[in-house]
*Asks:* 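Take a look at this one; I'll ask things after.
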Amino acid sequence: MKYNPWATEKKWQKAWQDSGCLAVDKNSGKPPFYALIEFPYPSGSGLHIGHARPYTGMDVLARAKRMQGFEVMFPIGWDAFGLPAENYAIANSIHPRDVVAGNVRRFRDQIISLGYSFDLSREVNTTDPDYYKWTQWIFLKLFENGLAYKSNMPVNWCPGCRCVLANEEVINGECERCSSVAGRREKSQWMLKITAYAQRLLDDLDTVDFPARVAAQQKYWIGRSEGAEVEFAVENTDDALRVYTTRPDTLFGATYMVISPEHAYIEKWKTLLGNYEEIAAYRREAARKSDFERTEIQKEKTGVCLKGVMAVNPVNGESIPIFVSDYVLMSYGTGAIMAVPGHDTRDWAFARQFGLPIVEVVAGGDVQKEAFVDVETGTLVNSSFLNGLEVAEAKKTITEWLAERGLGRVKVNFKLRDWVFARQRYWGEPIPIVHCPACGMVPLPEAELPLRLPEVDSYKPSDTGESPLAALQEWVNAPCPKCGGAAKRETDTMPQWAGSSWYFLRYIDPENPNEIASREAIDKWMPVSWYNGGMEHTTLHLLYSRFWHKFLYDIGVATTPEPYKKRTSHGFILGSDGTKISKSRKNGVSPDEVIEKYGADTMRLAILFLGDFEKGCRWSDNAITGAHRFLERVWALANKCPEGSGATGSLEIAVHRTVKKVGQDIEGLKFNTAIAALMALLTELEKDCTREDMNIFTRLLSPFAPHICEDIWELYGCNGLAAQAEWPEYDIEKTVEHTVELAVQVMGKLRATIQMPRDASDDEVTAQALGNPKIIELAAGRVPARSIVVKNRLVNLIFK
RNA sequence: GCGAAAGUGGCGGAACUGGCAGACGCGCCAGACUAAGGAUCUGGUGACCUAAUACUGGUUGUGCGGGUUCAAGUCCCGCCUUUCGCACCA
């Protein structure tokens, strides 16, 4: 009987769903295991191998955990708000809701056809009002707690389309659609104060099981630094320029200052400045550039000196000039810096450009040739009372000195910036705030949630930079919830990150109309046992969702400070030509095509056999050939293998070893070597096999290739489904051979191998090795000076 | 520039806390079965040299150059290259 996956795959997919074996049994009493994948954005092009790799990996884990006696929750949903659906809707005059519904249907079908064991009864969709009601509810709580606020922020502006652009829509400084040069504009934006949680987001990384590279990247992104704030008085004004520095010890070397083009003092000092027009022109120039351009290009330093104002270095009273330059950003620190060209590379380049003095304050380099920045252990010079001190000591001394005089203070700074939480778009969660002329910003009462997206004819952004919602008078005009007077709704919507920042909580209790999830359910399932996702989400989604969860913990909704107990990250999968998979390059593979030609089990095995799950890899059709042949051999053997009791001798050892290895490899996400071990065992079983052995083999293979295993299970007349079978156990005693082969080395080179009983003593091993004809010949009568024995592995003989 | 990861046969990739490099698969070669083989099965397959009474003969080999060690793909020092992330972060 030839292997014919098409005949039965659909049948088993239905059987898994219908049997309820994928759904959670509340009363099972088994330990809970919550396996989570990053829920997909249901794009129009359907599910591709970039999804299939992580989903297959986690499906193997979830299936194995079920067999191992855990109550597994393995849910999926749809992160369906966002720009692509909206753009597609605009281009094709379809409602984004309908676009999404069609895409979701396609994704769901594909997910089922791949044999994934998701519990579809818990499916959530971020665009469902019953779902986004709670996204809005969380926003209201953030607002109530002072963590949501409005602030002027620069946005990308396309003068051609007359609308705000996402960073993604700006390609090389041009609008993706109309190729106009995109500029910058200030806009009042909703912000979330993630910075208030910076320290906790950093500290609690120690309490979770994240891969080192993920934790390192988050730490770097949060970017904690300890330094000092220093006040520089400005001559002829009552103002002081406040700077943040991590190197207060170099204060005596500060020979000029630089402020960001957006610094408020420029306007304040307008009348004092002899060259205001020049400065304003420079500012306009800087404003045209995106942050990206401004900070990316390794360019010559540009800037303008502020004529008419001078700052005073607080430690030595010297007057120093103030410049404006775009290399100083308003978004980090205070928007102003003290420049120490002797010991900072950027300041050095700027000083050279503008002929400014460069003073050495830490001994060791030649500051006239280049900035001397590697100074963590240097000694201070040219610094009055700091002379002779080590850098660390000098930092402390100067900070205290400044603090005593009210000129400075210790300050911890973070690179992390607050989260811009508004989009001028239709297809997002409406922000439940009303702007009242009398009462200001008023939150909607909870009872009015969800605030539904209104029906509109056009989803196009308005040409004023407002969201399309702004054009809907009947929706925009609403009574103030507080005073009842005429007021207007907020028309911006939330970013796509909103719905994905808490979805793992909704899976737990997806139908609950009264709360995000019941306390009981949260207690049982949180934190997520194992969350796997892409490295590209390490700094945004992963950090945002940790932030929201910490907030929910603070207000008593969540019961743990961290949402994820364990995080793993799969490697990025590239196309067969080694580049990113894209439709235009045609280097991708559609899982649908593979399934149609070879079946879902082949697809699953092929994608996991490619290479280390946690490392990047490139797709190759060769993987399919190997996987498919393997399954054909499995099916052939299952059919011809006779009844009988289990294997004995070395075959029994091979079986026990494989049980051990496959279990360990699944836990370590080493799916490629687990499959290799199964292939190797199959080769052994083909020589000598009974149904008893094949039964064990089938259960081991079942998480990887579940359909064929159900076929075998049925063929053998076993009870229930293979998916519900118990995971085989191994006997540690039966994983070791009684006779081992040892390598015999002479002076570190392999010369022979010998057979020895397991755990033979060093002396026995040495004696046996010396008795080997090959070794006798090499020894030529000499006696080894040393013999190094590595138990059950090798012996190395050293002759003088 | 900063941070992280990685360089192993023709190819994808294995290799536990230093211990027989190349598991497993693809491809290729030879053979078997065939009317036929792009099916299947069996055996072989890093490179170079040398073998024919001794295929458990020798040398060399994990990006490059040094080092530590009885022993290095693995550890240390110095380079080179690639990928990913961040980008003038004070």
Side-chain angles (χ1 to χ4, degrees), chain A residues 2 211-214 216-217 219-221 223 225 227 243-247 250 254 257-258 291-292 294-299 301 325-329 331-340 343-347 349-350 413-417 535-536 538-539 571-572 574 578 605-606 609-612 614-627 629-630 632-633 636 664 670 672-683 686 741-754 772-775 784-799:
Chain A
K2 200 172 165 359
R213 57 186 175 148
V214 171
Q217 217 167 302
K219 272 181 193 160
Y220 187 70
W221 190 265
S225 67
V243 304
Y244 170 74
T245 176
T246 54
R247 297 298 308 277
T250 61
M257 300 187 78
V258 186
D291 254 8
F292 194 75
R294 197 167 128 176
T295 55
E296 179 197 38
I297 301 159
Q298 284 289 340
K299 51 160 196 205
K301 297 285 176 279
S325 176
D326 62 5
Y327 81 90
V328 172
L329 302 176
S331 52
Y332 183 76
T334 61
I337 63 158
M338 64 177 211
V340 184
H343 303 283
D344 182 281
T345 313
R346 295 173 312 271
D347 297 347
F350 191 90
N413 220 10
F414 295 95
K415 278 194 258 184
L416 185 67
R417 299 174 200 172
M535 281 305 286
E536 70 275 19
T538 299
T539 49
F572 201 77
L574 298 170
L605 278 175
F609 192 58
L610 271 182
D612 190 328
E614 297 184 270
K615 289 187 191 141
C617 72
R618 114 181 9 189
W619 173 258
S620 160
D621 290 335
N622 292 341
I624 293 173
T625 312
R629 278 184 199 159
F630 170 64
E632 284 178 330
R633 281 167 59 201
Q664 284 176 347
K670 304 293 178 200
N672 53 336
T673 50
I675 294 167
L678 287 166
M679 287 173 166
L681 180 61
L682 181 69
T683 305
E686 278 170 338
E741 189 189 69
L742 285 89
V744 181
Q745 295 181 339
V746 174
M747 313 293 282
K749 279 188 198 283
L750 178 69
R751 297 297 179 185
T753 55
I754 51 174
N772 182 284
K774 183 81 195 299
I775 303 302
R786 265 178 90 186
S787 167
I788 296 146
V789 177
V790 180
K791 217 166 192 49
N792 299 323
R793 281 196 169 272
L794 60 72
V795 51
N796 189 6
L797 303 168
I798 312 299
F799 292 96

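As the structure is a computational prediction, the values presented were derived from the model and not from experiment.
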*Asks:* Who passes salt bridge (charged side-chain N to carboxylate O under 4.0 Å, His left out) against A:K791, sequence neighbours left out?
*Replies:* none

*Asks:* Does a side-chain N or O of A:R629 approach OP1 or OP2 of B:rC26 to a distance below 4.0 Å, or not?
*Replies:*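 Answer yes for this pair, as a side-chain N or O of A:R629 is under 4.0 Å from OP1 or OP2.
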
*Asks:* Measure from the side chain of A:T753, starting at C-beta and using heavy atoms only, and say which of B:rC20, B:rA15, B:rA6 lies closest.
*Replies:*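 Given the options B:rC20, B:rA15, B:rA6, the side chain of A:T753 is closest to B:rC20.
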
*Asks:* Picking from B:rA14, B:rC24, B:rA90, which would you name as closest to the side chain of A:A680?
*Replies:*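 So the nucleotide nearest the side chain must be B:rC24.
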
*Asks:* Measuring from the side chain of A:K749 (C-beta onward, heavy atoms only), which nucleotide among B:rG19, B:rA90, B:rU60 has the closest atom?
*Replies:* B:rU60

*Asks:* Within the 4.5 Å heavy-atom criterion, are A:E741 and A:I754 side-chain neighbours or not?
*Replies:*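 A side-chain contact is absent here, since even the closest heavy-atom pair is not under 4.5 Å.
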
*Asks:* Give the residues of residues 784-794 of chain A touching RNA chain B, defined as any heavy atom closer than 4.0 Å, sorted by residue number.
*Replies:*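 Those residues whose heavy atoms fall under 4.0 Å from RNA chain B, taken from residues 784-794 of chain A in numerical order, are A:R786, A:I788, A:V790, A:R793, A:L794.
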
*Asks:* With nearest nucleotide decided by heavy atoms, which residue, A:A216 or A:T625, maps closer to the 5′ end of RNA chain B?
*Replies:* A:A216

*Asks:* So which heavy atom on A:T753 is nearest to which on A:A743, and how close?
*Replies:* CG2-CA, 4.3 Å

*Asks:* Taking the side chain as C-beta and beyond, is there a heavy-atom pair between A:M257 and A:I337 under 4.5 Å?
*Replies:* no

*Asks:* Once rounded to the nearest 0.5 Å, what's the spacing between atom OG1 of A:T245 and atom CG of A:N413?
*Replies:* 10.5 Å

*Asks:* Counting a pair only when it is Watson-Crick or G-U and both distances are under 3.5 Å, which runs of at least 3 such pairs involve RNA chain B?
*Replies:* B:1-7 with B:80-86, B:10-12 with B:24-26, B:27-32 with B:40-45, B:46-49 with B:57-60, B:63-67 with B:75-79

*Asks:* So, applying side-chain contact (heavy atoms from CB on, under 4.5 Å) with A:C617, which one of A:L610, A:N672, A:D612 is it?
*Replies:*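 Of A:L610, A:N672, A:D612, side-chain contact (heavy atoms from CB on, under 4.5 Å) with A:C617 is met by A:L610 alone.
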
*Asks:* Under 4.0 Å between any heavy atoms, over every strand shown, what does A:E741 touch: base, sugar-phosphate, or nothing? Just pick one.
*Replies:* base

*Asks:* Distance check: side-chain N/O of A:N796 vs OP1/OP2 of B:rG19, anything under 4.0 Å?
*Replies:*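 Checking A:N796 against B:rG19: no side-chain N or O falls below 4.0 Å of OP1 or OP2.
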
*Asks:* Can you tell which of B:rG3, B:rC24, B:rA14 lies closest to the side chain of A:M679?
*Replies:* B:rC24

*Asks:* Toward the 5' end of RNA chain B, which comes first, A:L610 or A:E632, by nearest nucleotide?
*Replies:*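 Closest to the 5' end, via its nearest nucleotide, is A:L610.
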
*Asks:* Looking only at side chains, do A:R213 and A:T538 share a donor and an acceptor under 3.5 Å apart?
*Replies:* no

*Asks:* Determine: side-chain N/O of A:K774 to OP1/OP2 of B:rG58, distance under 4.0 Å, yes or no.
*Replies:*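 Yes, because at least one side-chain N or O of A:K774 sits under 4.0 Å from OP1 or OP2 of B:rG58.
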
*Asks:* For A:S225 and A:Y244, test the side chains for any donor-to-acceptor distance below 3.5 angstrom and give the result as yes or no.
*Replies:*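 Distance-only check passes for A:S225 and A:Y244.
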
*Asks:* Do A:K415's NZ or CZ and the ring of A:Y220 fall within the cation-pi criteria of under 6.0 Å and 45°?
*Replies:*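 Yes - A:K415 lies over the ring of A:Y220, closer than 6.0 Å to its centre and within 45° of its axis.
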
*Asks:* Syn or anti for B:rG9, with syn set at within 90° of 0?
*Replies:*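 Here B:rG9 takes the syn form, which means its glycosidic angle is within 90° of 0.
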
*Asks:* With a non-hydrogen cut-off below 4.0 angstrom, is A:D612 in contact with a base, only sugar-phosphate, or nothing?
*Replies:* sugar-phosphate

*Asks:* Would you indicate which nucleotide in B:rA14, B:rG85, B:rG25 comes nearest to any side-chain atom of A:F609?
*Replies:* B:rG25

*Asks:* Look at the side chain of A:N622 and decide which nucleotide, out of B:rG25, B:rC26, B:rC20, has an atom nearest to it.
*Replies:* B:rC26

*Asks:* At under 4.0 Å, does any side-chain N or O of A:R213 touch on OP1 or OP2 of B:rG3?
*Replies:*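 No, outside the criterion.
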
